[in-house]
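The shown structure was predicted, so the numbers you read here are calculated from the model rather than taken from an experiment.
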Amino acid sequence: MASFVRLGIASGCALIAAVFAWALVAFARADFFSAALGGLFLLFAADSLFSVIADARQENETKDELDDLRATNIAIKSEFEDARQKMNDVALALAKRSEAQEKKMIGELQVIESLLREFAGNVAKSKHQHQASEPAAAASDGSPVVPKDGADSAHLEMIRGALEDNRIDLYLQPIVSLPQRKVRFYEALSRLRSEDGGIIMPAQYIKVAAPAGLMSVVDNLLLFRCVQVVRHLTQKQREAAVFCNISGHTLSDAEFFPQFLDFLHHNRDLAGHIVFEFDQTSILRAGAGEEANLRYLSSLGFKLSMDQVTKLDLDFAKLKRLGFNFLKVRAETLISGMKAAQAAVAAEDLKDLLARNGINLIAERIEEEKSVVQLLDFQVDFGQGYLFGEPRPIRDVVDANDPRARETASVRTLPSGLARRLAG
């Protein structure tokens, strides 16, 4: 473009010079040679003038561009400094938040340890009282109680040993939304390990541990782990929540449970991330004190769930008042066992009945695809079972790239030998 402009200017100058030479010949009576020299002089003068003007304009444009570049450079430097300052502020805030989180977690562990230590003392006291009265015990027909056989005694010692060495592992099983099958929650399940590394399933240890007063120890160690796991899960999945089982023995413990409620009162940020689950039998047997504890737990923002449901002739309005938000029913019950469960409505109407009372329905023990098809006809909210995922060790669920999560997943020793004291 600039070359065309330059050519146009040169052509214009040549035309003016030619006209000037013609005027010298026509009007000034100059000879042709003098007129030509005059025209050339005018041509060079005009060209020089236009060159000076063009150079000055180019210089001004270059100066303006340099000024713009300087201003842009200054703006970029300023924005860079602002960004670096913001990054420093964010890093400092994250460091402070991490430090505060660490202190809070340490405080939580100390509080839980204190609560469990006191609870362990009660368990040990009850165990000694039971042992002291055992020789005088008699069956309902007046005959002496038969002592535990060797197998049960061996199992009991194996369980005590697992608790002493803190060989209790946390497993998580997903609870998915239906029909999307998106993981919405996890249920925390406990597994004991024998000395040779074998897994002791709940069905194996409950029948021996419960009479010996050790089930509450298992439940409370599970609570201890749940708090840790929730802290780490929520760092990656802010909507993550864990269903944590609480035994009927713990719920009715007049000394431990109020202290546990006090701990949760000061840690209400856990609400929304822990759902406390109780079996149906414990809730139906709950007295006024236990129901008050449930309502207070709900008032703190924690959601409640009922599992091991065998009868559906329930007062759902009362469950809602107690704070229950979830009800777990076996898939086979919904599909073919509603009459045996004494349900007041058909399976396809149960969801609406629960919804009117603010309760979500979870179908559990789903193992086959055909069960899902049938359950979708009942508009079930959530599903749980081996079809969607079997219980897996926490280390397989928590993000493996989070070193703090790996540390928590591999923790085997509670602070200050708490596990040994818990086992008596």
Undergrad: How many angstroms lie between atom CG of L251 and atom CD1 of I283, to the nearest 0.5 angstrom?
TA: 6.0 Å

Undergrad: Please tell me if the side chains of N357 and L319 come closer than 4.5 Å, counting only heavy atoms from C-beta onward.
TA: no

Undergrad: Kindly write out the residues that satisfy salt bridge (charged side-chain N to carboxylate O under 4.0 Å, His left out) with E367, not counting sequence neighbours, or none if the list is empty.
TA: none

Undergrad: Is any NZ, NE, NH1 or NH2 atom of the basic residue among E369 and R181 found under 4.0 Å from an Asp or Glu carboxylate oxygen of the other?
TA: yes

Undergrad: The test is side-chain contact (heavy atoms from CB on, under 4.5 Å); show your working for I175 and K328 and say whether it passes.
TA: CA-CA 11 Å; I175 300 174; K328 286 186 176 180; 4.0 Å; yes

Undergrad: Nearest 0.5 Å please: distance from the CG atom of L387 over to the CZ atom of R365.
TA: 15.5 Å

Undergrad: Hey, does R191 have a side-chain heavy atom less than 4.5 Å from the side chain of L170?
TA: no

Undergrad: So, taking the atom named CZ in F378 and the one named CG in D349, what distance separates them when rounded to the nearest 0.5 Å?
TA: 10.0 Å

Undergrad: Hey, are the side chains of R70 and D67 touching, using non-hydrogen atoms and a 4.5 Å cut-off?
TA: yes

Undergrad: Identify the two heavy atoms, one from P174 and one from Q384, that lie closest to each other, and give their separation to 0.1 Å.
TA: O-CG, 3.7 Å

Undergrad: Taking all atoms of both residues into account, what is the closest heavy-atom pair of Q280 and K311, and its distance?
TA: NE2-O, 2.7 Å

Undergrad: Can you name the one residue among I362, L361, L178 that meets side chain to side chain contact (heavy atoms under 4.5 Å, CB included) with D381?
TA: L361

Undergrad: Could you pull out the closest heavy-atom pair between E187 and E277, with the gap in Å?
TA: OE2-OE1, 3.1 Å

Undergrad: Rounded at 0.5 Å granularity, tell me how far CE in M306 sits from OG1 in T281.
TA: 9.0 Å

Undergrad: Determine, step by step, whether N325 and K320 satisfy the side-chain contact (heavy atoms from CB on, under 4.5 Å) criterion, reporting the C-alpha distance in whole Å, the side-chain angles of both residues, the deciding distance to 0.1 Å, and the verdict.
TA: CA-CA 7 Å; N325 304 92; K320 178 58 180 177; 3.7 Å; yes

Undergrad: With a 4.5 Å cut-off on side-chain heavy atoms, are R193 and D169 touching?
TA: yes

Undergrad: May I have the step-by-step check of side-chain contact (heavy atoms from CB on, under 4.5 Å) for V227 and N267, ending in yes or no?
TA: CA-CA 10 Å; V227 172; N267 293 271; over 6 Å; no

Undergrad: Using a strict 4.0 Å threshold on nitrogen-to-oxygen distance, state whether E290 and R285 make a salt bridge.
TA: no

Undergrad: Of all heavy-atom pairs between S298 and G323, which one has the smallest distance, and what is that distance?
TA: OG-CA, 3.4 Å

Undergrad: Sort and list the pairs that fulfil ring-ring contact (aromatic ring centres under 6.0 Å, His included) and have at least one residue in residues 301-342, not counting sequence neighbours.
TA: F185-F326, F243-F326, F276-F302

Undergrad: Around atom CD of Q180, are there more than 12 heavy atoms of other residues, nucleotides or ligands at under 6.0 Å?
TA: yes

Undergrad: Counting only pairs under 3.5 Å, give me each side-chain donor-acceptor contact of residues 332-343, with atom names and distances, residues two or more places apart or in other chains.
TA:
residue: S336; atom: OG; partner: E332; partner atom: O; Å: 3.3

Undergrad: How long is the straight-line distance from CG of N245 back to CG of D279, given to the nearest 0.5 Å?
TA: 8.5 Å

Undergrad: What is the distance from atom CD1 of I76 to atom OG of S78, rounded to the nearest 0.5 Å?
TA: 11.0 Å

Undergrad: With heavy-atom distances below 4.5 Å as the criterion, would you say the side chains of L312 and L327 are in contact?
TA: yes

Undergrad: Which heavy-atom pair separates E348 from D377 by the least distance, and what is that distance?
TA: CB-O, 4.4 Å

Undergrad: For residues R295 and R321, report the shortest heavy-atom separation together with the two atoms involved.
TA: CG-O, 3.6 Å

Undergrad: Within a strict 4.5 Å, meaning less than it, do heavy atoms of the Q173 and F388 side chains meet?
TA: no

Undergrad: Under the side-chain contact (heavy atoms from CB on, under 4.5 Å) criterion, do L304 and F278 qualify, and how do the steps go?
TA: CA-CA 8 Å; L304 307 181; F278 304 85; 4.0 Å; yes

